[in-house]
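First comes the structure, then the notes that go with it.
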Amino acid sequence: MAVHRRLQLNQVGDVSVVRFVDRKILDEANIQELGQELFQLIEEEKRKSLLLNFSSVEFLSSAALGKLITLDKKVKAHGGKLKLSNIRPEIYEVFAITKLNKLFDIKDDEADALASF
Amino acid sequence: MSHSFTAWNIDRTIPSVLDVGHRLLEEMLGKIQAENWSSRDLFGLRLALEEAVVNAIKHGNRLDSAKSVHVECRSTADKIWIRVSDQGRGFNPEAVPDCTDPDRIDVPNGRGIMLMRNFMSRVEYNDRGNVVTLEKLRGENES
């Protein structure tokens, strides 16, 4: 299994739960690396059900949003499901302003998200 | 306002290198965090500064280290004022497509300007589009 430097991975049943190592997702190099690790879960490890738990994330830039959008496309192309949870209010506002709350399936907490797969 | 406030300025010219830009951002945010801003305002200031400086380095100067970015910041008792200038060709912010358009919602880029406009009190570009001025008023969202 691949080594993940920017992610922590936990398998709950069929769902791969991803937590983020960085509290602030903004550095260009880190975002590139994060994107590659997320894409790898879908394209190489063939995981179908992905839950991104944002509980540790305090900040993310628009470049990070771009990676999430690309991930969403890849998940859909592979017939999988992507959900997001535990997003703090300021970050949820970023999703709402850009209407990405309509693109992504966002749940309040991990339990809600796991129950919805 | 009950706390005492000391006005401060930053006026810095940096090369178009993202790491250098991020170090300057952290220095500015360290000063801003020491002031009496709400967590939402701090989040918005970080986001707007990040977008403005990264846009100038990456899209304005196209990461050309021979070109520089000028960052000015003035913090006073009632507001924070930031100007970021690059040496690129500039752009027309009005021509940037609406990222919330259903046909464009899944396009991975083009959200930075909309986010700056939502979190700042004022966002203005010069005619050439290579200088952005941001302003955030204190207590704007307090009820």
Side-chain angles (χ1 to χ4, degrees), chain A residues 22-36 38-39 42-43 52 54-78 80-82 84 86-106, chain B residues 16-26 28-30 32-33 37-59 61-63 93 96-120 123 141:
Chain A
D22 300 297
R23 288 189 301 130
K24 295 182 175 67
I25 305 176
L26 48 80
D27 180 79
E28 183 82 4
N30 287 357
I31 290 173
Q32 287 299 335
E33 196 174 11
L34 175 65
Q36 288 311 311
L38 286 169
F39 303 160
I42 302 302
E43 294 176 325
L52 306 184
F54 282 81
S55 59
S56 60
V57 179
E58 295 173 0
F59 181 85
L60 53 78
S61 67
S62 68
L65 292 179
K67 289 295 176 201
L68 295 178
I69 292 165
T70 305
L71 176 68
D72 183 62
K73 286 183 181 177
K74 288 180 187 290
V75 169
K76 284 173 179 158
H78 285 78
K81 286 183 183 171
L82 173 67
L84 281 52
N86 299 77
I87 297 179
R88 65 186 59 205
E90 292 93 341
I91 295 180
Y92 187 82
E93 194 175 348
V94 168
F95 281 85
I97 289 165
T98 54
K99 299 203 174 150
L100 289 173
N101 55 339
K102 297 183 193 299
L103 181 74
F104 292 108
D105 189 358
I106 301 176
Chain B
S16 301
V17 177
L18 287 168
D19 282 350
V20 179
H22 276 123
R23 280 200 293 277
L24 176 56
L25 284 175
E26 289 305 325
M28 291 165 69
L29 288 161
I32 293 168
Q33 273 165 2
W37 293 97
S38 69
S39 62
R40 182 194 181 268
D41 284 348
L42 280 174
F43 180 91
L45 282 161
R46 177 179 281 278
L47 187 140
L49 274 167
E50 167 82 21
E51 300 292 343
V53 171
V54 169
N55 279 352
I57 292 173
K58 204 168 144 184
H59 302 301
N61 288 347
R62 297 182 182 274
L63 297 167
V96 175
D98 180 358
C99 63
T100 63
D101 184 324
D103 292 337
R104 297 191 57 85
I105 194 76
D106 63 348
V107 174
N109 46 31
R111 289 175 176 76
I113 297 170
M114 173 174 271
L115 289 170
M116 287 196 291
R117 289 196 195 284
N118 272 275
F119 281 99
M120 292 291 103
V123 176
N141 300 307

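What you see is a predicted model; the values in this text were computed from it and never measured. Below, chains carry the letters A, B, ... as their sequence lines are ordered, and counting in each starts from 1. Hydrogens, waters and symmetry mates are skipped; everything else that's a heavy atom, side chains included, is used.
- Both the backbone and the side chain of I97(A) have a heavy atom closer than 4.5 Å to some heavy atom of chain B.
- Heavy atoms closer than 4.5 Å to chain B are found nowhere in L68(A), neither backbone nor side chain.
- For the pair L63(B) and I57(B), the minimum side-chain heavy-atom distance is below 4.5 Å.
- For the pair I42(A) and L82(A), the minimum side-chain heavy-atom distance is 4.5 Å or more.
- Top candidate by heavy-atom pairs under 4.5 Å with chain A, chosen from P108(B), S39(B), C99(B), is P108(B).
- Both the backbone and the side chain of D106(B) come within contact range of chain A, each with at least one heavy atom under 4.5 Å from a heavy atom of that chain.
- Looking at K24(A), only its side chain comes within 4.5 Å of chain B, counting heavy atoms on both sides.
- Looking only at side-chain heavy atoms (C-beta outward), L71(A) and K67(A) stay at 4.5 Å or farther from each other.
- Between H22(B) and L26(A) there is a side-chain heavy-atom pair separated by less than 4.5 Å.
- Crowding of K73(A) atom NZ: a count of heavy atoms from other residues, nucleotides or ligands under 6.0 Å exceeding 12.
- In terms of non-hydrogen atom pairs under 4.5 Å with chain A, the most contact-rich of D19(B), L18(B), L47(B) is L47(B).
- Ranking M114(B), E51(B), R46(B) against chain A, the residue ahead of the rest is R46(B), based on heavy-atom pairs under 4.5 Å.
- The two atoms that bring M116(B) and N55(B) nearest to each other are CE-ND2, 4.5 Å, heavy atoms only.
- For D72(A), no part sits under 4.5 Å from any heavy atom of chain B, backbone or side chain.
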